[in-house]
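Right, one structure below, let's go through it.
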Protein chains: 2
Amino acid sequence: MSVRVLEHPRVEEIRLEAVLRALADPARLEVVCFLARTGGEAACSEIDLAVSKSTGTHHYRVLREAGVINQVYRGTAKMSSLRKADLDALFPCLLDSVISAAAKRPRTQRNK
Amino acid sequence: MSVRVLEHPRVEEIRLEAVLRALADPARLEVVCFLARTGGEAACSEIDLAVSKSTGTHHYRVLREAGVINQVYRGTAKMSSLRKADLDALFPCLLDSVISAAAKRPRTQRNK
DNA sequence: ATCGTACTACGACAGTCATCGTAATACGAC
DNA sequence: GTCGTATTACGATGACTGTCGTAGTACGAT
């Protein structure tokens with residue numbers, strides 16, 4: 001591998017089903033909530049998921065390919081951030097409602 | 001089969017991931033939009049999905065088990081309706097944003 | 001150039017999912 | 001009871017998903 005450019009869907013390519021599907025997983029929801037909380041970028045390694053590294057990579061890719069997050073390489077780190085503006089434009093209120101619902105629910109519901 | 005009672009999750013058993021997952025399918029989204037549009041109940045046969053009957057049954061069950069719709073038998077018909085109040089209470093604004101997003105997007109995006 | 005950290009690619013695996021056809025059940029009308 | 005409509009149960013199938021370990025690449029620091 002030598003390509004250090006990550007493919008992202010253009011705004012008009014983002015599909016509602018794909019976004020919902022991407023959000024319908026505890027690990028991915030955790031990533032989204034983390035990014036929403038901190039507001040900016042985060043390296044994959046900052047967010048510790050309850051899964052292996054390779055599984056983590058998989059989840060980040062699903063989020064990116066659905067158009068939920070943006071990812072760029074910065075040195076050895078891969079920084080992720082929410083595509084909040086894009087999502088809000090396409091699906092007003094969706095992201096906020098999912099995030100606040102996820103944040104509010106009891107910890108007992110946080111795992112699959 | 002002689003049981004004519006359908007199991008539904010109680011409000012407190014409804015889980016965000018399950019709801020998102022249930023909504024992340026074109027056929028099921030179509031059912032939800034139809035029910036939202038008409039406001040009340042509808043028989044399975046009123047909503048024609050682009051899938052076979054048995055697949056339709058499967059999708060209705062997924063929606064019901066996720067807590068998105070309510071189903072009751074009325075004669076030979078099985079009437080479905082949105083659990084809008086329950087969902088709004090749990091995840092404010094979520095359902096509305098999904099429905100309006102689904103309704104607004106171009107027809108070219110309506111199929112998987 | 002070597003090392004360590006961060007991340008990925010690949011292949012494997014078990015589990016779930018969407019799909020269907022066929023056969024069967026439930027109920028109302030006759 | 002018989003018929004027709006509405007829906008389901010069952011089993012099969014192919015595709016996708018989440019999971020992982022191993023081996024590898026990319027990059028910054030030394």
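Computed from a prediction, not measured in an experiment: that's the story for all the values here. Naming: A, B, ... by sequence-line order, numbering from 1 per chain.
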Result for 5'-nearest mapping on DNA chain D, choosing between A:G75 and A:A27, is A:A27

### Message
Does A:R74 reach a base, just sugar-phosphate, or nothing at all? Heavy atoms under 4.0 Å.
### Response
nothing

Scan B:S54 against the nucleic acid and name what it touches under 4.0 Å (heavy atoms): base, sugar-phosphate only, or nothing. base

- Can you check whether any acceptor in the base of D:dG28 is under 3.5 Å from a donor in the side chain of A:T76, or vice versa? no

Of C:dC7, D:dT7, C:dT19, the nucleotide closest to the side chain of B:A43 is D:dT7

When rounded to whole Å, the CD to C1' distance for the pair A:Q71 and C:dC7 reads 10 Å

For the pair B:T38 (side chain) and B:F34 (backbone), establish whether a donor and an acceptor sit closer than 3.5 Å, ignoring hydrogens and angles. yes

task: Could you give me the CA-CA distance, side-chain angles and deciding distance for A:Q71 and A:S80, then say whether side-chain hydrogen bond (donor to acceptor under 3.5 Å, both in side chains) is met?
output: CA-CA 4 Å; A:Q71 296 191 290; A:S80 302; 3.0 Å; yes

Notebook entry, point to check: Would you say A:R28's side chain and A:R21's backbone share a donor-acceptor pair under 3.5 angstrom?
Noted result: yes

- prompt: Any donor and acceptor pair, going by atom type alone, linking the side chain of A:E65 with main-chain N or O of A:V62 inside 3.5 Å?
  reply: no

Open item on the list: Base, sugar-phosphate or nothing for A:R28? Non-hydrogen atoms, less than 4.0 Å.
Closed with: sugar-phosphate

The nucleotide from D:dA6, C:dC7, C:dT19 with an atom nearest the side chain of A:C44 is C:dC7

Rounded to whole Å, the CD-P distance (B:E7 to D:dA9) equals 12 Å

Per atom distances to the A:Y73 side chain, the nearest of C:dC7, D:dG18, C:dA18 is C:dC7

Between A:S52 and B:R61, the residue closer to the 5' end of DNA chain D by nearest nucleotide is B:R61

